[in-house]
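Okay, so here's the structure we're looking at.
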Amino acid sequence: MVYPLALPARLSVGRLAQQTGVHPQLLLRFIELGLLDAERDSSGRLWLAPNAAVTVARVQRLHLGLSLNYSAIGLVLDLLDRIDELERRDRSWT
């Protein structure tokens, strides 16, 4: 049974573009730069995780808020993820 309110197991580039208001070509560029993870199915179609919209929002905030180019954003996202991991480890020690 399919529940209409449940998140899909994966999103197409077109669906993510609709959800985020970001042009599909820009989303493809994000995939090329490694800002978004995508998988290809047997027919070659790209699929993204349901939480990809959160990543797109982070990328857009960094780009618009700090005027970072998309290549630099990849580095910033990696650093922010590492900081989050270190903070989680620190909290688990206390």
Side-chain angles (χ1 to χ4, degrees):
M1 178 171 236
V2 176
Y3 297 97
L5 296 178
L7 288 175
R10 58 189 185 173
L11 294 172
S12 68
V13 172
R15 179 73 175 140
L16 182 61
Q18 288 175 341
Q19 283 185 353
T20 61
V22 174
H23 195 278
Q25 289 296 325
L26 184 54
L27 294 176
L28 292 174
R29 179 76 174 133
F30 291 174
I31 293 167
E32 287 176 15
L33 291 170
L35 300 175
L36 286 174
D37 294 325
E39 295 181 9
R40 287 196 186 273
D41 63 15
S42 60
S43 67
R45 191 167 176 184
L46 287 171
W47 295 100
L48 299 108
N51 66 349
V54 173
T55 303
V56 170
R58 288 177 79 192
V59 168
Q60 292 298 84
R61 278 193 310 271
L62 289 168
H63 179 66
L64 298 171
L66 299 176
S67 299
L68 295 175
N69 66 41
Y70 293 119
S71 297
I73 289 172
L75 175 63
V76 171
L77 288 176
D78 286 343
L79 291 172
L80 289 172
D81 290 342
R82 288 180 186 183
I83 290 168
D84 286 343
E85 176 63 28
L86 290 171
E87 287 177 343
R88 273 193 297 276
R89 286 184 192 174
D90 186 48
R91 281 192 297 270
S92 69
W93 283 73
T94 57

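Any value given below was found using the heavy atoms of this structure, including those in side chains, with hydrogens, waters and symmetry copies removed. Position 1 is the first residue of the sequence, and the numbers go up from there.
Interatomic distance, CZ of Arg15 versus CZ of Arg10, reported as 14.5 Å (0.5 Å rounding). With rounding to the nearest 0.5 angstrom, the CZ atom of Arg61 is 13.0 Å from the CG atom of Leu68. Put simply, OG1 on Thr55 and CD on Gln60 are 12.0 Å apart, with the number rounded to the nearest 0.5 Å.
Side-chain atoms of Leu36 and Val56, non-hydrogen and from C-beta on, do get closer than 4.5 Å to each other. The closest side-chain heavy-atom distance from Leu48 to Ile31 is below 4.5 Å. Taking the side chain as every heavy atom from C-beta outward, Ser71 and Leu33 approach each other to under 4.5 Å. Annotation: side chain of His23 is not in contact with side chain of Leu27 (no heavy-atom distance under 4.5 Å). A heavy-atom distance below 4.5 Å is not found between the side chains of Leu66 and Ile73.
Around the CD atom of Glu39, the shell of radius 6.0 Å holds no more than 12 heavy atoms that belong to other residues, nucleotides or ligands. The local environment of CZ in Arg88 is crowded, with over 12 non-hydrogen atoms from other residues, nucleotides or ligands closer than 6.0 Å. When the shell of 6.0 Å around CG of Asp37 is examined, it contains 12 or fewer heavy atoms from other residues, nucleotides or ligands.
Nearest heavy-atom pair across Ala9 and Pro50 is O-CD, 3.5 Å. Minimum interatomic distance between Ala53 and Gln19 (heavy atoms only, all atoms of both residues): CB-OE1, 4.1 Å. For the pair Leu46 and Ala38, the tightest heavy-atom approach, listed with the atom from each and the gap, is CD2-CB, 4.0 Å. Listed here is the closest heavy atom pair of Leu16 and Ala52: CD2-CB, 3.9 Å.
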Practice task
Please assess Leu86 against Asp90 for the test side-chain contact (heavy atoms from CB on, under 4.5 Å), listing each intermediate value before the final yes or no.
Solution key: CA-CA 6 Å; Leu86 290 171; Asp90 186 48; over 6 Å; no

Practice task
Go through the steps for Arg58 and Leu35 under the test side-chain contact (heavy atoms from CB on, under 4.5 Å), then give the verdict.
Solution key: CA-CA 10 Å; Arg58 288 177 79 192; Leu35 300 175; over 6 Å; no

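By the side-chain contact (heavy atoms from CB on, under 4.5 Å) test, Ser67 is found to be paired with no residue, residues two or more places apart in sequence or in another chain being considered. Remark: Gln25 engages no residue in a side-chain hydrogen bond (donor to acceptor under 3.5 Å, both in side chains) (not counting sequence neighbours).
Between Asp84 and Arg89 there is no salt bridge, since none of the side-chain N atoms of the basic residue sits less than 4.0 Å from a carboxylate O of the acidic one. A salt bridge is defined here as a Lys NZ or Arg NE, NH1 or NH2 lying under 4.0 Å from an Asp or Glu carboxylate O, and Glu32 with Arg29 meets this definition.
Listed by first and then second residue, the ring-ring contact (aromatic ring centres under 6.0 Å, His included) pairs involving residues 47-78 are Phe30-Tyr70, His63-Tyr70 (not counting sequence neighbours).
The main-chain N or O of Val54 is never found under 3.5 Å from a side-chain atom of Asn51 such that the two would form a donor-acceptor pair.
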